[in-house]
Amino acid sequence: MKKIIVLAVIGLMAQLIDGSLGMAYGVTSTTLLLMVGLSPAIASASVHLAEVVTSAASGYSHFKFGNVDINIVKKLVFPGAIGAFSGAAFLSYIPAVLIKPYISLFLLGLGIYVIFRFLLLKIAGMPVDKEASEKKGKLYRPVGFAAGFLDATGGGGWGPLTTPLLLTQRHLKPSIVIGSVNFSEFAVSLSASIGFFLFIGWDTLYWQIVLAMMVGGVIAAPFAAWLVKHLKPALLGVLAGGVIILTNLRTIFKEFFSLELFQEMHYLFPLLLIWLLLIVAAVRKKT
(Lines give C-alpha, C1' and ligand atoms only; values in the text may rest on other atoms or scores of the structure.)
Protein backbone atom coordinates (compact mmCIF):
# COMPACT_ATOMS: atom_id res chain seq x y z
CA MET A 1 0.00 0.00 0.00
CA LYS A 2 2.85 2.36 0.85
CA LYS A 3 4.41 1.82 -2.60
CA ILE A 4 1.09 2.55 -4.32
CA ILE A 5 0.80 5.85 -2.44
CA VAL A 6 4.37 6.76 -3.43
CA LEU A 7 3.56 6.01 -7.08
CA ALA A 8 0.40 8.12 -6.89
CA VAL A 9 2.42 11.02 -5.48
CA ILE A 10 4.92 10.60 -8.35
CA GLY A 11 2.06 10.82 -10.84
CA LEU A 12 0.68 13.89 -9.07
CA MET A 13 4.03 15.71 -9.01
CA ALA A 14 4.80 14.88 -12.65
CA GLN A 15 1.39 16.08 -13.86
CA LEU A 16 1.57 19.22 -11.74
CA ILE A 17 4.86 20.14 -13.43
CA ASP A 18 3.70 19.13 -16.90
CA GLY A 19 0.29 20.76 -16.66
CA SER A 20 1.62 24.08 -15.38
CA LEU A 21 4.79 24.33 -17.50
CA GLY A 22 3.76 22.37 -20.61
CA MET A 23 6.54 19.78 -20.34
CA ALA A 24 8.45 17.27 -18.26
CA TYR A 25 5.81 14.63 -17.38
CA GLY A 26 7.86 11.87 -18.99
CA VAL A 27 11.20 13.15 -17.71
CA THR A 28 9.92 13.72 -14.17
CA SER A 29 7.91 10.53 -13.75
CA THR A 30 10.47 8.25 -15.40
CA THR A 31 13.26 9.69 -13.26
CA LEU A 32 11.24 9.25 -10.07
CA LEU A 33 10.16 5.71 -11.00
CA LEU A 34 13.79 4.75 -11.58
CA MET A 35 14.67 6.25 -8.21
CA VAL A 36 12.18 3.95 -6.45
CA GLY A 37 13.77 0.88 -8.06
CA LEU A 38 11.86 0.15 -11.28
CA SER A 39 13.68 -1.02 -14.37
CA PRO A 40 13.94 1.42 -17.32
CA ALA A 41 11.67 -0.73 -19.51
CA ILE A 42 8.88 -0.97 -16.94
CA ALA A 43 9.22 2.71 -16.05
CA SER A 44 8.95 3.81 -19.68
CA ALA A 45 6.00 1.55 -20.46
CA SER A 46 4.16 2.65 -17.32
CA VAL A 47 4.68 6.34 -18.03
CA HIS A 48 3.38 6.15 -21.60
CA LEU A 49 0.23 4.29 -20.65
CA ALA A 50 -0.50 6.41 -17.58
CA GLU A 51 -0.03 9.53 -19.66
CA VAL A 52 -2.99 8.58 -21.85
CA VAL A 53 -5.36 9.23 -18.94
CA THR A 54 -3.45 12.08 -17.28
CA SER A 55 -3.06 13.99 -20.54
CA ALA A 56 -6.81 13.60 -21.22
CA ALA A 57 -7.61 15.05 -17.78
CA SER A 58 -5.04 17.81 -18.23
CA GLY A 59 -6.25 18.69 -21.72
CA TYR A 60 -9.89 18.88 -20.58
CA SER A 61 -8.93 21.05 -17.61
CA HIS A 62 -6.96 23.46 -19.80
CA PHE A 63 -9.87 23.61 -22.24
CA LYS A 64 -12.32 24.48 -19.45
CA PHE A 65 -10.01 27.26 -18.22
CA GLY A 66 -9.72 28.72 -21.73
CA ASN A 67 -6.07 27.83 -22.24
CA VAL A 68 -6.51 25.99 -25.56
CA ASP A 69 -6.26 27.29 -29.12
CA ILE A 70 -8.03 24.67 -31.27
CA ASN A 71 -6.29 25.90 -34.44
CA ILE A 72 -2.89 25.13 -32.90
CA VAL A 73 -4.15 21.76 -31.66
CA LYS A 74 -5.32 20.78 -35.15
CA LYS A 75 -1.87 21.55 -36.56
CA LEU A 76 -0.03 19.63 -33.82
CA VAL A 77 -2.16 16.63 -33.00
CA PHE A 78 -2.21 14.62 -36.24
CA PRO A 79 1.50 14.96 -37.11
CA GLY A 80 2.28 14.31 -33.44
CA ALA A 81 0.21 11.12 -33.35
CA ILE A 82 1.79 9.86 -36.58
CA GLY A 83 5.27 10.66 -35.27
CA ALA A 84 4.59 8.92 -31.94
CA PHE A 85 3.31 5.75 -33.61
CA SER A 86 6.26 5.75 -36.01
CA GLY A 87 8.68 6.23 -33.13
CA ALA A 88 7.17 3.32 -31.21
CA ALA A 89 7.27 1.11 -34.30
CA PHE A 90 10.95 1.77 -34.99
CA LEU A 91 12.13 1.99 -31.39
CA SER A 92 14.10 -1.25 -31.67
CA TYR A 93 16.06 0.03 -34.67
CA ILE A 94 16.75 3.68 -33.87
CA PRO A 95 19.55 4.51 -31.39
CA ALA A 96 17.77 7.52 -29.88
CA VAL A 97 20.43 7.73 -27.18
CA LEU A 98 22.97 8.84 -29.79
CA ILE A 99 21.03 11.94 -30.88
CA LYS A 100 19.72 12.88 -27.43
CA PRO A 101 22.71 15.09 -26.40
CA TYR A 102 22.53 17.06 -29.65
CA ILE A 103 18.81 17.63 -29.22
CA SER A 104 19.60 18.81 -25.69
CA LEU A 105 22.04 21.41 -27.05
CA PHE A 106 19.30 22.75 -29.29
CA LEU A 107 16.75 22.82 -26.47
CA LEU A 108 19.26 24.50 -24.16
CA GLY A 109 19.50 27.39 -26.61
CA LEU A 110 15.71 27.59 -26.77
CA GLY A 111 15.49 27.61 -22.98
CA ILE A 112 17.87 30.57 -22.76
CA TYR A 113 15.88 32.45 -25.41
CA VAL A 114 12.57 31.72 -23.66
CA ILE A 115 13.83 33.28 -20.42
CA PHE A 116 15.20 36.28 -22.34
CA ARG A 117 11.91 36.79 -24.16
CA PHE A 118 9.61 36.56 -21.17
CA LEU A 119 11.82 38.56 -18.85
CA LEU A 120 12.98 41.35 -21.14
CA LEU A 121 10.51 41.54 -24.03
CA LYS A 122 6.80 42.30 -24.19
CA ILE A 123 4.84 39.17 -23.32
CA ALA A 124 1.27 39.98 -24.22
CA GLY A 125 -0.02 38.36 -27.36
CA MET A 126 0.75 40.46 -30.39
CA PRO A 127 -1.78 40.86 -33.24
CA VAL A 128 -0.57 39.37 -36.50
CA ASP A 129 -2.10 39.52 -39.96
CA LYS A 130 -3.50 36.44 -41.67
CA GLU A 131 -0.45 35.89 -43.90
CA ALA A 132 1.97 36.06 -40.97
CA SER A 133 -0.22 33.71 -38.92
CA GLU A 134 -0.33 31.13 -41.73
CA LYS A 135 3.45 31.38 -42.14
CA LYS A 136 4.01 30.69 -38.44
CA GLY A 137 1.47 27.87 -38.57
CA LYS A 138 3.60 25.96 -41.07
CA LEU A 139 6.10 25.38 -38.27
CA TYR A 140 3.67 23.46 -36.08
CA ARG A 141 3.21 20.35 -38.24
CA PRO A 142 6.90 19.38 -38.63
CA VAL A 143 7.49 20.24 -34.98
CA GLY A 144 4.53 18.07 -33.98
CA PHE A 145 5.80 15.11 -35.98
CA ALA A 146 9.37 15.43 -34.66
CA ALA A 147 8.21 15.87 -31.07
CA GLY A 148 5.87 12.88 -31.27
CA PHE A 149 8.61 10.75 -32.79
CA LEU A 150 11.15 11.76 -30.14
CA ASP A 151 8.60 11.28 -27.36
CA ALA A 152 8.14 7.64 -28.35
CA THR A 153 11.76 6.82 -29.14
CA GLY A 154 13.45 8.76 -26.36
CA GLY A 155 10.96 8.40 -23.52
CA GLY A 156 10.01 12.07 -23.64
CA GLY A 157 10.10 15.04 -25.94
CA TRP A 158 6.57 16.18 -26.75
CA GLY A 159 6.48 18.99 -24.21
CA PRO A 160 10.20 19.86 -24.16
CA LEU A 161 10.24 20.29 -27.95
CA THR A 162 6.82 21.76 -28.75
CA THR A 163 6.48 24.08 -25.75
CA PRO A 164 9.76 26.04 -26.10
CA LEU A 165 9.38 26.32 -29.87
CA LEU A 166 5.85 27.66 -29.57
CA LEU A 167 6.91 29.96 -26.73
CA THR A 168 9.30 31.66 -29.14
CA GLN A 169 6.31 32.74 -31.27
CA ARG A 170 5.73 36.25 -29.98
CA HIS A 171 2.01 36.34 -30.89
CA LEU A 172 1.19 33.50 -28.45
CA LYS A 173 0.60 33.83 -24.71
CA PRO A 174 2.35 31.22 -22.53
CA SER A 175 -0.96 29.97 -21.06
CA ILE A 176 -2.27 29.26 -24.59
CA VAL A 177 0.96 27.50 -25.58
CA ILE A 178 0.99 25.29 -22.48
CA GLY A 179 -2.74 24.53 -22.68
CA SER A 180 -2.64 23.66 -26.38
CA VAL A 181 0.42 21.43 -25.97
CA ASN A 182 -1.21 19.58 -23.08
CA PHE A 183 -4.50 19.22 -24.97
CA SER A 184 -2.68 17.72 -27.97
CA GLU A 185 -0.68 15.33 -25.81
CA PHE A 186 -3.57 12.88 -25.34
CA ALA A 187 -3.52 11.81 -28.99
CA VAL A 188 0.27 11.56 -28.94
CA SER A 189 0.30 9.41 -25.79
CA LEU A 190 -2.50 7.18 -27.10
CA SER A 191 -0.77 6.71 -30.45
CA ALA A 192 2.55 5.87 -28.78
CA SER A 193 0.86 3.41 -26.42
CA ILE A 194 -0.84 1.64 -29.34
CA GLY A 195 2.50 1.44 -31.11
CA PHE A 196 4.24 -0.01 -28.04
CA PHE A 197 1.42 -2.51 -27.56
CA LEU A 198 1.65 -3.71 -31.16
CA PHE A 199 5.42 -3.74 -31.61
CA ILE A 200 6.85 -4.32 -28.13
CA GLY A 201 4.03 -5.65 -25.95
CA TRP A 202 3.10 -5.07 -22.31
CA ASP A 203 3.99 -8.51 -20.90
CA THR A 204 6.08 -7.10 -18.06
CA LEU A 205 3.84 -4.13 -17.24
CA TYR A 206 2.65 -3.75 -13.65
CA TRP A 207 -0.87 -2.35 -13.91
CA GLN A 208 -0.93 -1.18 -10.29
CA ILE A 209 1.89 1.22 -11.16
CA VAL A 210 -0.04 2.62 -14.11
CA LEU A 211 -3.28 2.99 -12.15
CA ALA A 212 -1.56 4.68 -9.21
CA MET A 213 0.14 7.21 -11.50
CA MET A 214 -3.14 7.80 -13.32
CA VAL A 215 -4.92 8.64 -10.06
CA GLY A 216 -2.21 11.07 -8.98
CA GLY A 217 -2.11 12.74 -12.39
CA VAL A 218 -5.89 13.16 -12.62
CA ILE A 219 -5.96 14.79 -9.17
CA ALA A 220 -3.24 17.28 -10.17
CA ALA A 221 -4.60 18.16 -13.64
CA PRO A 222 -7.29 20.75 -12.69
CA PHE A 223 -5.01 22.58 -10.26
CA ALA A 224 -2.19 22.74 -12.82
CA ALA A 225 -4.58 24.18 -15.43
CA TRP A 226 -5.78 26.80 -12.91
CA LEU A 227 -2.19 27.60 -12.01
CA VAL A 228 -1.12 28.34 -15.57
CA LYS A 229 -4.13 30.64 -15.99
CA HIS A 230 -3.36 32.75 -12.94
CA LEU A 231 0.43 32.94 -12.77
CA LYS A 232 2.14 35.94 -14.36
CA PRO A 233 3.32 35.19 -17.93
CA ALA A 234 6.85 36.36 -17.08
CA LEU A 235 7.00 33.93 -14.16
CA LEU A 236 5.71 31.07 -16.31
CA GLY A 237 8.31 31.81 -18.94
CA VAL A 238 11.18 31.86 -16.44
CA LEU A 239 9.95 28.68 -14.73
CA ALA A 240 9.58 26.87 -18.04
CA GLY A 241 12.93 28.16 -19.31
CA GLY A 242 14.66 27.06 -16.11
CA VAL A 243 13.22 23.55 -16.40
CA ILE A 244 14.36 23.38 -20.03
CA ILE A 245 17.88 24.57 -19.19
CA LEU A 246 18.46 22.38 -16.13
CA THR A 247 16.99 19.26 -17.74
CA ASN A 248 19.08 19.58 -20.87
CA LEU A 249 22.24 20.69 -19.08
CA ARG A 250 21.97 17.49 -17.06
CA THR A 251 21.88 15.47 -20.29
CA ILE A 252 24.77 17.43 -21.80
CA PHE A 253 26.97 17.05 -18.69
CA LYS A 254 26.24 13.35 -18.53
CA GLU A 255 26.74 12.55 -22.23
CA PHE A 256 29.73 14.78 -23.00
CA PHE A 257 31.55 14.98 -19.66
CA SER A 258 30.33 11.89 -17.75
CA LEU A 259 29.19 14.13 -14.89
CA GLU A 260 25.91 13.96 -13.00
CA LEU A 261 24.91 17.62 -12.73
CA PHE A 262 22.47 17.11 -9.87
CA GLN A 263 25.27 15.59 -7.77
CA GLU A 264 27.90 18.23 -8.61
CA MET A 265 26.84 21.02 -6.24
CA HIS A 266 29.67 23.36 -7.26
CA TYR A 267 28.04 23.41 -10.73
CA LEU A 268 24.42 23.07 -9.69
CA PHE A 269 24.31 25.66 -6.88
CA PRO A 270 25.30 28.69 -9.04
CA LEU A 271 22.73 27.64 -11.67
CA LEU A 272 19.99 27.38 -9.05
CA LEU A 273 20.99 30.73 -7.58
CA ILE A 274 20.79 32.41 -11.00
CA TRP A 275 17.41 30.76 -11.63
CA LEU A 276 16.13 31.99 -8.26
CA LEU A 277 17.22 35.56 -9.04
CA LEU A 278 15.47 35.37 -12.41
CA ILE A 279 12.30 34.10 -10.73
CA VAL A 280 12.40 37.03 -8.31
CA ALA A 281 12.84 39.42 -11.24
CA ALA A 282 9.90 37.81 -13.03
CA VAL A 283 7.68 38.15 -9.96
CA ARG A 284 8.60 41.82 -9.63
CA LYS A 285 8.20 42.58 -13.33
CA LYS A 286 5.25 44.77 -14.18
CA THR A 287 2.88 43.32 -16.78
Side-chain angles (χ1 to χ4, degrees), residues 12-29 31-32 35 67 100-126 156-157 159-179 181-182 220 223-287:
L12 187 149
M13 291 175 60
Q15 184 56 50
L16 188 62
I17 295 172
D18 186 84
S20 57
L21 297 182
M23 67 191 73
Y25 181 92
V27 173
T28 304
S29 54
T31 300
L32 294 174
M35 286 175 60
N67 299 335
K100 188 176 180 180
Y102 300 99
I103 296 172
S104 292
L105 285 171
F106 171 67
L107 293 175
L108 175 63
L110 284 177
I112 294 172
Y113 177 76
V114 165
I115 288 181
F116 171 78
R117 177 169 104 73
F118 285 104
L119 201 56
L120 300 179
L121 302 181
K122 185 177 179 181
I123 296 173
M126 298 175 61
L161 187 57
T162 55
T163 299
L165 277 171
L166 292 181
L167 284 174
T168 62
Q169 304 300 302
R170 296 190 62 194
H171 69 296
L172 297 177
K173 294 180 180 179
S175 60
I176 295 298
V177 170
I178 293 170
V181 168
N182 272 267
F223 179 67
W226 176 87
L227 198 64
V228 75
K229 187 70 174 179
H230 290 82
L231 284 180
K232 294 175 65 174
L235 179 58
L236 277 176
V238 171
L239 289 173
V243 171
I244 297 166
I245 291 171
L246 287 177
T247 300
N248 291 286
L249 272 179
R250 181 175 182 266
T251 300
I252 292 169
F253 270 63
K254 186 175 182 179
E255 297 296 330
F256 289 112
F257 306 106
S258 299
L259 293 175
E260 176 53 63
L261 177 62
F262 294 167
Q263 296 177 1
E264 301 287 341
M265 293 307 298
H266 55 289
Y267 293 122
L268 182 61
F269 182 75
L271 293 172
L272 293 176
L273 180 60
I274 292 172
W275 192 20
L276 178 61
L277 293 175
L278 292 173
I279 291 173
V280 172
V283 171
R284 299 181 63 181
K285 180 181 179 181
K286 296 180 180 180
T287 55

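- Among all heavy-atom pairs drawn from Pro270 and Met265, the shortest one is CD-O, 3.9 Å.
- Closest approach of Leu119 to Val238, counting heavy atoms only: CD1-CG2, 4.0 Å.
- Side-chain contact check for Leu246 versus Leu271: some heavy-atom pair is nearer than 4.5 Å.
- Residue pairs meeting the salt bridge (charged side-chain N to carboxylate O under 4.0 Å, His left out) criterion with at least one member in residues 261-279, sequence neighbours excluded, do not occur.
- The shortest distance between side-chain heavy atoms of Ile252 and Leu261 does not fall below 4.5 Å.
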Dump the intermediate steps for side-chain contact (heavy atoms from CB on, under 4.5 Å) on Ile245 and Ile115, then the final yes or no.
CA-CA 10 Å; Ile245 291 171; Ile115 288 181; 3.7 Å; yes
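- Each of Val280, Leu276, Ile274 was scored for a side-chain contact (heavy atoms from CB on, under 4.5 Å) with Leu278, with one residue passing: Ile274.
- The side chain to side chain contact (heavy atoms under 4.5 Å, CB included) search around Phe262 returns Arg250, Glu260, Leu268, not counting sequence neighbours.
- Atom CZ of Phe257 is surrounded by 12 or fewer heavy atoms from other residues, nucleotides or ligands within 6.0 Å.
- The NZ atom of Lys173 sits 10.5 Å away from atom CG of Asn67, with the distance rounded to the nearest 0.5 Å.
- For the atom pair CG of Leu277 and CG of Leu272, the computed distance is 11.0 Å after rounding to the nearest 0.5 Å.
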Verdict with supporting geometry, Leu259 and Tyr267, side-chain contact (heavy atoms from CB on, under 4.5 Å)
CA-CA 10 Å; Leu259 293 175; Tyr267 293 122; 4.0 Å; yes
